[in-house]
Structure formats: structure tokens, C-alpha cells
There are 2 protein chains.
Amino acid sequence: MNLKQLSIQLGLSQTTVSRALNNYPEVNEHTRQRVKLAASKHNYRPNARATRLATGRAMTIGHVIPMNSSEVFNPIFGEFIAGASQAYSRRGYELLLNMAKEDAEESIYREIASKGSVDGIIVHAPRVNDSRITLLQELGLPFVIHGRDSSNSSEYSWIDMNNRQAFYQATKLLIDLGHTKICLINGDEKLNFAVRRKKGYLDALEDEKISANADLMYSGDLTEANGYTAATHALKHRNAPTAFLVASYVGALGVRRAIHNAGLEMGSDISVIIHDDELAYFHNDGDIAQFTATRSSVKDAGERAAMMLLDIIDDPGKAPLNELLKAPLTLGASTGPVKK
Amino acid sequence: MNLKQLSIQLGLSQTTVSRALNNYPEVNEHTRQRVKLAASKHNYRPNARATRLATGRAMTIGHVIPMNSSEVFNPIFGEFIAGASQAYSRRGYELLLNMAKEDAEESIYREIASKGSVDGIIVHAPRVNDSRITLLQELGLPFVIHGRDSSNSSEYSWIDMNNRQAFYQATKLLIDLGHTKICLINGDEKLNFAVRRKKGYLDALEDEKISANADLMYSGDLTEANGYTAATHALKHRNAPTAFLVASYVGALGVRRAIHNAGLEMGSDISVIIHDDELAYFHNDGDIAQFTATRSSVKDAGERAAMMLLDIIDDPGKAPLNELLKAPLTLGASTGPVKK
DNA sequence: AATCAATTTTAAAACGCTTTGGATCCCAAT
DNA sequence: ATTGGGATCCAAAGCGTTTTAAAATTGATT
């Protein structure tokens with residue numbers, strides 16, 4: 001059943017039927033009811049392909065998530081997208097998922113911009129000196145970045161958490177507890193968020209006149225296995241750390257395993273602070289949270305990013321918009337004073 | 001730049017330009033080259049909204065993933081989708097992600113079917129007696145299910161792993177190692193896969209004349225926290241298990257934590273077998289895998305499911321197609337003979 | 001030079017909506 | 001009776017492609 005058939009059925013023009021369904025004012029209330037009734041009776045729904053051509057809007061947002069060589073799908077993306085999806089469904093949008101291999105990235109973005117299957121995109125995992133930002137500005141496609149690129153001083157819309165501040169505060173707490181050998185297990189430092197976190201860590205050490213030690217800093221995809229390997233390696237160091245600062249819950253699970261394997265007890269022998277994205281499958285709470293953590297819900301970030309983008313699409317004059325989320329440090333069972 | 005402008009530029013009709021770009025045979029090779037050159041020079045790409053209306057194909061596949069009340073995004077979905085996405089990009093398709101709250105499910109599927117923004121869908125997480133299958137058959141939208149519904153005897157396309165067989169074999173190994181008190185930490189038994197796994201577990205117990213004990217069976221979302229809670233609870237039982245059979249890696253991380261907290265050693269004091277979906281962020285390998293596991297790559301399943309659906313869309317006569325993936329049992333460090 | 005077939009190109013219809021620019025109807029005001 | 005103006009409805013254009021049906025061109029054959 002399409003609009004034409006429905007309008008014939010009703011003895012009305014397509015115009016009137018279309019207007020009735022779209023709640024335009026210039027149609028008699030009685031006819032509107034009649035039309036709506038018939039539409040739902042015949043299970044009519046406007047063909048999205050036609051609507052999109054006619055209106056020039058795709059009513060779809062693209063999420064482009066970079067796939068590096070190891071082709072890893074980070075659970076954080078899933079959670080962010082679940083949040084965004086809530087905002088979209090509230091406002092009648094759909095979500096197009098695009099996994100871009102890094103080597104073909106530029107052409108993928110160009111294609112997205114010119115073929116018109118989305119009205120805007122959300123960019124994930126910005127890198128340091130990320131060429132995508134300039135590209136997107138040039139292409140004129142509305143976009144919001146989850147994160148920032150500190151090396152790019154131009155104006156663009158983003159939502160981010162206060163990475164530097166969070167890791168500064170976490171490091172400071174560990175130092176206050178007497179730790180001086182603090183091992184940083186960080187995300188991939190090609191990515192901007194990881195750089196900001198590292199800066200927070202280093203700034204805190206410097207403020208407290210503790211010299212940083214390159215042997216106590218790891219960077220890489222935050223998988224369980226990588227967390228384990230890094231922590232195991234660190235614990236074997238002649239000058240082993242008494243505390244870990246870990247950039248994700250998942251990575252921390254590996255760290256926890258390494259600590260146990262070394263015969264140590266988390267919270268007493270060794271302190272751990274993590275950043276907790278509040279993933280649904282990895283809840284860090286209970287009476288006392290397992291891990292002391294800086295917290296910021298990535299699902300919430302997804303929802304807010306989506307709303308921001310939709311606002312920009314509705315009123316492009318609004319851009320650029322920015323939002324900085326807090327990541328408060330909350331105490332759990334994994335920290336304690338350094339053991340003498 | 002649109003087709004009309006481009007064709008004027010070239011002094012050709014839209015027809016010819018369109019045909020040249022789409023590699024139709026009835027256009028002179030010289031003109032084709034000329035057209036393609038001009039197209040790429042002007043960065044022309046056909047407007048997807050128009051193409052979709054004209055061809056009647058959305059060139060898009062929908063993935064509908066159910067969101068239950070707790071609104072949890074299972075990392076397994078992400079991995080499956082990453083696999084599917086590879087197949088789509090090879091064949092020029094896009095991926096539309098749809099998170100359906102369970103209460104509105106029927107209307108969501110109806111809407112998807114009638115509005116035409118996808119050519120087919122992949123259905124995730126089939127339940128026992130899942131009403132979606134009949135609904136989709138009725139709606140006539142091509143679909144493939146990741147999993148099956150054993151209670152539905154009609155014909156439909158699916159891809160699944162051999163859940164019963166995998167858990168039968170795993171249970172059998174534990175029994176062969178002397179374990180009789182084996183605790184099952186299963187997925188949500190509203191879901192079909194969990195029911196099949198339980199059946200495998202129960203069948204093996206029965207075949208070996210070991211009586212099942214309801215106190216040693218848990219079912220729920222396989223989060224780290226739930227795995228921990230279930231295992232902790234089981235270990236406190238007066239008749240505590242000597243082995244765990246856990247339906248996911250993530251759940252097993254919680255089980256591992258519970259075992260450590262109880263002061264026990266995995267692999268010697270307590271055996272654990274998991275099902276390993278081979279998630280990128282949770283690699284279970286190395287010289288000796290951490291966990292003894294039944295293995296089946298869910299990313300691979302995603303890719304195969306996608307290919308299957310595209311094949312069906314190209315040739316609807318092919319359906320229904322079915323594919324049963326093996327999940328071989330591979331030995332890791334988490335199993336050993338029962339301690340007397 | 002005429003004929004025919006194959007090759008190459010084109011004009012126009014179609015896809016199913018929205019939206020523009022009128023048309024028609026009805027009623028109150030002149 | 002005429003006019004004016006809302007309220008209500010409609011025919012047709014437009015969105016940017018693909019595809020159908022037909023026209024024009026070419027080249028070989030007689």
C-alpha cells in the first residue's frame with residue numbers, strides 16, 4: 001500500500017493524505033482522523049526511500065568507527081552507540097554503522113559526504129593530529145567528535161570527558177597514599193584521550209616532584225591480555241610499582257590477574273585505580289566498588305553526543321558546540337596506603 | 001554535482017552517463033572512459049537517496065538487537081556486527097543498527113518491514129518460542145537469525161553454533177577428570193542458546209549417571225559481576241562444586257575473581273571450562289590458553305550470517321539456508337583432575 | 001547506393017513521496 | 001447580490017536516479 005493507493009481508497013488527493021499524516025494544519029480535523037484511521041488500518045507507512053529523496057534528508061546518522069589492522073571492536077563503541085541510539089529513536093532518526101579501515105579512511109569519509117545516506121556523522125576515537133577534522137570541515141557534513149584533538153586549534157563540535165583532570169586526580173591520590181612507583185597502563189597513545197590521560201599522570205608526578213620512569217608506562221589496546229602482559233612485565237621490574245593506574249576496566253581485569261598471579265593482594269599489597277566507562281557488562285559497584293575509579297558513563301556520552309549532533313543539524317548556526325564531562329574519582333576497594 | 005549537471009558538462013544524456021558509470025555494456029568504451037574520468041574529477045557520486053528510490057533497493061541491512069529492561073549492550077553483538085560489516089562493505093551494502101526495546105518489538109519489526117529502509121534483517125538473540133520468527137515470515141522481509149528457536153519447527157534461515165554438543169563435550173571432559181559437582185553458569189535461559197547449552201550439560205550428566213543439582217545451575221546476563229556473584233554463591237554451598245562450566249569469557253572473569261577470593265587456584269583446586277566467542281578484547285590464547293574452552297568465533301559467525309542474507313536477497317529462492325558452526329573443545333590451563 | 005543489423009545514444013517514464021501554487025468552497029460582511 | 005478571506009482541497013512539479021522504448025549512428029553487405 002502506497003500513498004497513491006491510499007489516497008484513491010479515500011477519494012482524496014495525495015497532497016491531502018500526506019498532509020493529514022504529517023500533521024499539517026491546513027487539513028480538516030475530520031478528514032485527518034479519517035485518513036489516519038485508514039492508514040493504520042492498511043498498515044500504511046510512507047516509503048522511507050521516497051521520503052528521503054523528496055525531503056533531501058536521510059534521517060540517518062552515521063557512526064564511523066576506525067578499524068585498525070588488528071580489526072578490533074572495542075566494547076566501548078558498543079556502549080556509546082547504545083546511548084546514541086536512544087536519542088535517535090526519540091527523534092525519528094536511524095543509525096548507520098560504518099567500520100572504516102584506517103588506510104581507506106579519507107575516501108570513506110568523502111564517499112559518506114557525497115552520497116547522502118546520512119545527515120551527519122559521529123566520529124570516534126580521534127587521534128593526535130587527526131586529519132579527519134580538517135577533512136570533515138572541508139566536506140561540510142555536520143559532525144560531532146567523541147573526544148578532541150588537542151593539536152587542532154580550529155573550532156569543531158565535540159563531547160569529551162576531562163581526561164587530564166581525571167588522571168591527575170587519580171595519580172595525586174596514589175601519591176597521597178604514599179605511592180611513588182606508579183605504573184601507567186594506558187590506551188593507545190596514538191589516540192588523543194590517551195595522551196591527555198598521560199599528561200594528567202605526568203603533571204601530577206611533576207607537581208609532587210616525583211620523577212617519571214619510562215619503564216613504568218605502557219600504551220596499547222586495552223584488552224584483558226594486554227593489561228595482563230603489561231602488569232606482569234612491570235611487576236618483574238627490579239623496581240616494581242606499588243600502584244597501577246589503568247585506563248579501562250577491561251585492561252584492569254588483566255592487571256588484576258597479573259597481581260594475583262604474582263601472589264599479591266589488590267588493595268593491600270598493590271593499589272589500583274582505573275578509569276571506569278561504566279560499561280553495562282562490567283559494572284564496578286556494589287557496597288564497595290571493586291576498583292577505585294574515575295567514572296564517566298560512555299553510554300551517557302553517546303546519548304549527549306547524538307543530541308548535540310541532531311541539534312546542529314536542525315540549526316547549523318549553533319555549531320560548534322562543546323561539552324566537557326566530569327569524571328569524578330570514587331573510592332573502591334583497590335586502593336590503600338603503600339606498604340613499607 | 002548531480003547526474004544532470006555532469007551529463008550537461010559532458011554533452012551526453014543522463015542515460016548514457018548513468019550507464020557508463022554502472023558498467024552497462026551498451027556504451028562505447030571510449031565514452032565510458034571519458035565519463036568516468038569526468039565523474040572522478042568532479043568527485044561525483046550518485047545520490048544514494050535517489051538511487052534507492054529508483055532501484056527499489058535500500059542496499060542496507062538492518063541489525064535488530066533486543067534491549068531488555070536493563071538496556072545492556074552485549075560485547076558479543078559488537079563483535080558479530082564487526083564481522084557482518086566486512087561482508088557488507090565487500091558487497092556495497094550498509095549496516096543499519098536498530099535497538100529494539102522488547103515491549104515495542106512487534107511494532108518495530110512491522111515498521112522496518114513496511115518503510116523500506118532495509119532489504120533484509122539479521123535477528124539477534126532468539127528466545128525460546130520467539131514470536132519474531134512467525135512475524136517475519138508473515139511480513140515477507142528476508143531475514144537470517146543468529147541462533148535458532150528449537151521450539152519453532154517451520155523453515156527459516158539461521159546460522160548457529162552447536163551449543164548442545166559443545167556443552168555436552170565440555171561436561172563430559174570434566175566428568176572424565178573426575179568431577180561430579182559441576183556448576184553451570186549459563187546465559188539467560190529465556191534465550192535459546194542458553195537452553196541448548198543447558199541441555200548439553202544435563203545430557204552429559206545423565207549419560208554418566210550423575211544426578212543434576214538445581215543448586216549448581218545459574219542463569220542470567222553473563223556480566224562479570226553476575227559471574228562473580230553466582231560463583232561466590234556456589235562456592236559457599238555445603239556441597240561446593242569442584243568445577244565450573246561458564247557460558248562466556250566475560251562471565252568467567254567474574255568466576256575467576258570468585259575463585260581467587262575463596263583462596264583457591266584455578267586449574268588445580270577448581271576446574272573451569274568456558275565457551276569462548278573469541279572476542280578481540282578477550283583473547284584466550286598464548287602458549288597455553290588461560291581457559292579450557294569450547295571455541296567459536298562470533299565475528300566469523302557475523303560475517304557468514306551477512307553473506308547468507310545477501311545471498312538470499314539476491315536469490316530469494318535459495319531460502320531457507322542453515323549453517324551449523326562447530327565449537328571444538330580446546331585445552332587450556334584451567335582444567336585438571338578433581339582434587340581428592 | 002541501398003539495406004540491414006549491430007552499436008550507441010537519447011527522451012521520457014517511473015520510483016513514491018513532499019511541496020508549490022492554485023483552485024474551490026463556505027460564510028460573513030458589504 | 002457581490003465581495004473578501006479563511007478553510008480546505010487538489011494538480012502538478014520536483015527530488016536524482018534507473019530503466020524502458022525508441023531513435024540515431026555506424027559499418028558491413030548486397
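Every chain is numbered from 1, with letters handed out A, B, ... down the list of sequences.
In this view, Glu138(A) satisfies the side chain to side chain donor-acceptor pair (under 3.5 Å) rule with no residue, not counting sequence neighbours. Evaluation of the salt bridge (Lys or Arg N to Asp or Glu O under 4.0 Å) rule for Glu155(B) yields no partner, not counting sequence neighbours. Under the side chain to side chain donor-acceptor pair (under 3.5 Å) criterion, Asn28(A) pairs with no residue, sequence neighbours left out.
Note on residues 39-50 of chain A: no pairs pass salt bridge (charged side-chain N to carboxylate O under 4.0 Å, His left out), not counting sequence neighbours. Within the structure, ring-ring contact (aromatic ring centres under 6.0 Å, His included) contacts touching residues 85-132 of chain B (residues at least two apart or in different chains) are His63(B)-Tyr88(B), His63(B)-His124(B), Phe77(B)-His124(B), Phe80(B)-His124(B). The list of salt bridge (charged side-chain N to carboxylate O under 4.0 Å, His left out) pairs with a residue in residues 116-125 of chain A, not counting sequence neighbours, is empty. Within the structure, the ring-ring contact (aromatic ring centres under 6.0 Å, His included) test picks out no pair touching residues 2-54 of chain B (sequence neighbours left out).
Looking at Arg132(A) and Asp130(A), a side-chain N of the basic residue comes within less than 4.0 Å of a carboxylate O on the acidic one, giving a salt bridge. Using a cut-off of 4.0 Å between Lys/Arg side-chain N and Asp/Glu carboxylate O, Lys115(A) and Glu94(B) are scored as salt-bridged.
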Next on the checklist: Protein within reach of the bases, or only the backbone? For nucleotides 14-21 of chain C, mark each nucleotide 5' to 3' as B, S or -, using heavy atoms under 4.0 Å.
Outcome noted: -BBBBBBB
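Between the CG atom of Leu139(B) and the CD atom of Glu111(B) there is a distance of 12.0 Å, given to the nearest 0.5 Å.
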Would you tabulate the pairs of protein nitrogen or oxygen atoms and nucleotide nitrogen or oxygen atoms of nucleotides 26-28 of chain C closer than 3.5 angstrom?
none

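With a heavy-atom cut-off of 4.0 Å to chain B, the contacted part of DNA chain D has its first and last nucleotide at dG16(D) to dA21(D).
Across its full length, the helix from dA1(C)-dT30(D) to dT30(C)-dA1(D) shows an angle of 70° between the axes of its 5 terminal pairs at either end, rounded to 10 degrees.
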For residues 304-315 of chain B, tabulate all N or O donor-acceptor pairs below 3.5 Å that involve a side-chain atom, not counting sequence neighbours.
unit_1, atom_1, unit_2, atom_2, d
Arg304(B), NE, Glu323(B), OE1, 3.4
Arg304(B), NE, Glu323(B), OE2, 2.4
Arg304(B), NH2, Glu323(B), OE2, 3.1
Asp311(B), OD1, Arg91(B), NH1, 3.2
Asp311(B), OD1, Arg91(B), NH2, 3.3
Asp314(B), OD2, Arg91(B), NH2, 2.9
Asp315(B), OD1, Gly317(B), N, 3.1

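Evaluated for a side chain to side chain contact (heavy atoms under 4.5 Å, CB included) with Leu95(B), the options Ile122(B), Ile81(B), Ile61(B) yield exactly one hit, Ile81(B).
At a threshold of 4.0 angstrom between heavy atoms, the contacts of Gly11(A) are confined to the sugar-phosphate backbone, with no base atom among them.
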